[in-house]
Q: 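Structure provided below as structure tokens; questions to follow.
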Amino acid sequence: MSDSKNTTCDEQVFNEFFKSHAKLLRNYLYYKFGDLDQAEDIVQDSFIKLWNNCAKVSLDKAKSYVYTIATNLGISNARHQQVKFKHQNYITKRKSDVTNESPEFVMLEKEYMEKLKNAIADLPDRQREVFLLSRIDKKTYREIAELSNVSVKAIEKLMHKALVTLRKKIGNI
């Protein structure tokens with residue numbers, strides 16, 4: 001580790017690493033634990049911990065390190081607060097052009113979106129996390145598997161279960 005450009009102790013390297021990983025880590029934590037403010041706090045805490053331990057954590061291990069720290073902090077917080085998923089605005093609402101759509105259509109669309117939000121919120125934690133990472137963040141099953149430290153098959157099964165549950169509750173997605 002003599003080359004300071006390949007170490008997380010180099011401020012420029014650390015900043016680039018933060019910029020390229022913080023948003024996805026935040027989303028991952030939000031989907032996993034359901035609290036956006038908590039996710040943002042955990043991201044900050046995880047990167048502070050990385051900075052404080054930069055001499056011990058090489059750049060190639062940094063991503064795994066911050067995800068492990070963040071997940072552990074999230075689990076710890078969840079145990080203390082028993083976080084229930086709060087569906088904020090994770091489904092982008094489609095802008096309606098009221099002049100072209102009937103009031104009935106707008107009302108039905110609103111009801112459907114509410115039903116969808118509730119159905120997603122009611123999914124078991126792991127299924128909800130995989131579903132949102134796949135459908136909202138557009139992550140591949142392989143990427144989700146790497147984030148979760150499980151096999152691609154496990155992600156496929158979780159996604160299948162999530163889709164089956166959602167279809168039963170609201171129809172085809």
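Heavy atoms only: backbone and side chains are in, while hydrogens, waters and symmetry mates are out.
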Q: Output, in order, the C-alpha distance, side-chain angles, deciding distance and verdict of side chain to side chain contact (heavy atoms under 4.5 Å, CB included) for Glu129 and Leu147.
A: CA-CA 11 Å; Glu129 172 190 342; Leu147 289 173; over 6 Å; no
Q: Run the side chain to side chain contact (heavy atoms under 4.5 Å, CB included) check on Met159 and Arg135 step by step: do they pass?
A: CA-CA 10 Å; Met159 186 64 166; Arg135 296 296 167 98; 3.4 Å; yes
Q: What do the steps show when you test Lys32 against Ser148 for side chain to side chain contact (heavy atoms under 4.5 Å, CB included), and what is the final call?
A: CA-CA 10 Å; Lys32 188 169 187 68; Ser148 304; over 6 Å; no
Q: Quick one: do Val152 and Leu158 end up in the same hydrophobic cluster if we chain Ile, Leu, Val, Met, Phe, Trp and Tyr together by side-chain heavy atoms under 4.5 Å apart?
A: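 As far as the 4.5 Å side-chain criterion goes, Leu158 and Val152 are connected within one cluster.
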Q: Testing the basics here: between Ala119 and Lys169, what is the closest heavy-atom pair and its distance to 0.1 Å?
A: CB-CD, 4.0 Å
Q: Indicate if Ile69 and Trp51 have the same hydrophobic cluster label, given that clusters are the connected sets of ILVMFWY residues with side-chain heavy-atom separations under 4.5 angstrom.
A: yes
Q: Kindly compute the distance separating CZ (Phe18) from CD (Gln44), expressed to the nearest 0.5 Å.
A: 4.5 Å
Q: Measure the CG-CZ distance between Asp125 and Phe33 for me, rounded to the nearest 0.5 Å.
A: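 These two atoms lie 8.5 Å from each other.
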Q: Keeping Thr8 on the side-chain end and Val57 on the backbone end, is there a donor-acceptor pair under 3.5 Å?
A: yes
Q: May I ask whether Ile170 and Val164 are part of the same hydrophobic cluster, defined by side-chain heavy atoms of I, L, V, M, F, W, Y residues being less than 4.5 angstrom apart, directly or through others?
A: no
Q: Would you say Phe14 and Leu50 make side-chain contact, with heavy atoms under 4.5 Å?
A: yes
Q: Step by step, work out the side chain to side chain contact (heavy atoms under 4.5 Å, CB included) result for Leu29 and Val43.
A: CA-CA 8 Å; Leu29 292 166; Val43 167; 3.8 Å; yes
Q: How about Glu156: does its CD atom have over 12 heavy atoms from other parts shown lying under 6.0 Å from it?
A: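 Count over threshold, so yes.
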Q: Per the salt bridge (charged side-chain N to carboxylate O under 4.0 Å, His left out) rule, what does the pair list look like for residues 141-151, sequence neighbours excluded?
A: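 Listed once each, the pairs would be none.
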Q: With no hydrogens and no angle check, is any side-chain donor or acceptor of Ser134 less than 3.5 Å from a backbone partner on Val130?
A: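 Checked: no pair found.
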Q: Is any side-chain heavy atom of Val150 closer than 4.5 Å to one of Lys157?
A: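 Not in contact.
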Q: Excluding sequence neighbours, so at least two apart, what forms ring pair (Phe, Tyr, Trp, His ring centres under 6.0 Å) with Phe17?
A: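 By the ring pair (Phe, Tyr, Trp, His ring centres under 6.0 Å) rule, Phe17 matches His21, Phe47.
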Q: To the nearest 0.5 Å, what is the distance between OG (Ser46) and CG (Leu73)?
A: 5.0 Å
Q: For the atom pair CG (Leu133) and OH (Tyr141), what is the distance rounded to the nearest 0.5 Å?
A: 11.5 Å
Q: Could you tell me the separation between the CZ atom of Arg26 and the CG atom of Asp37, rounded to the nearest 0.5 Å?
A: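 Between Arg26 CZ and Asp37 CG, I get 10.5 Å after rounding to 0.5 Å.
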Q: How long is the straight-line distance from CD of Gln127 back to CG of Asp122, given to the nearest 0.5 Å?
A: 11.5 Å
Q: Does a donor on one side chain and an acceptor on the other come within less than 3.5 Å for Tyr65 and Asn53?
A: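 The criterion, which ignores hydrogens and geometry beyond distance, is satisfied for Asn53 and Tyr65.
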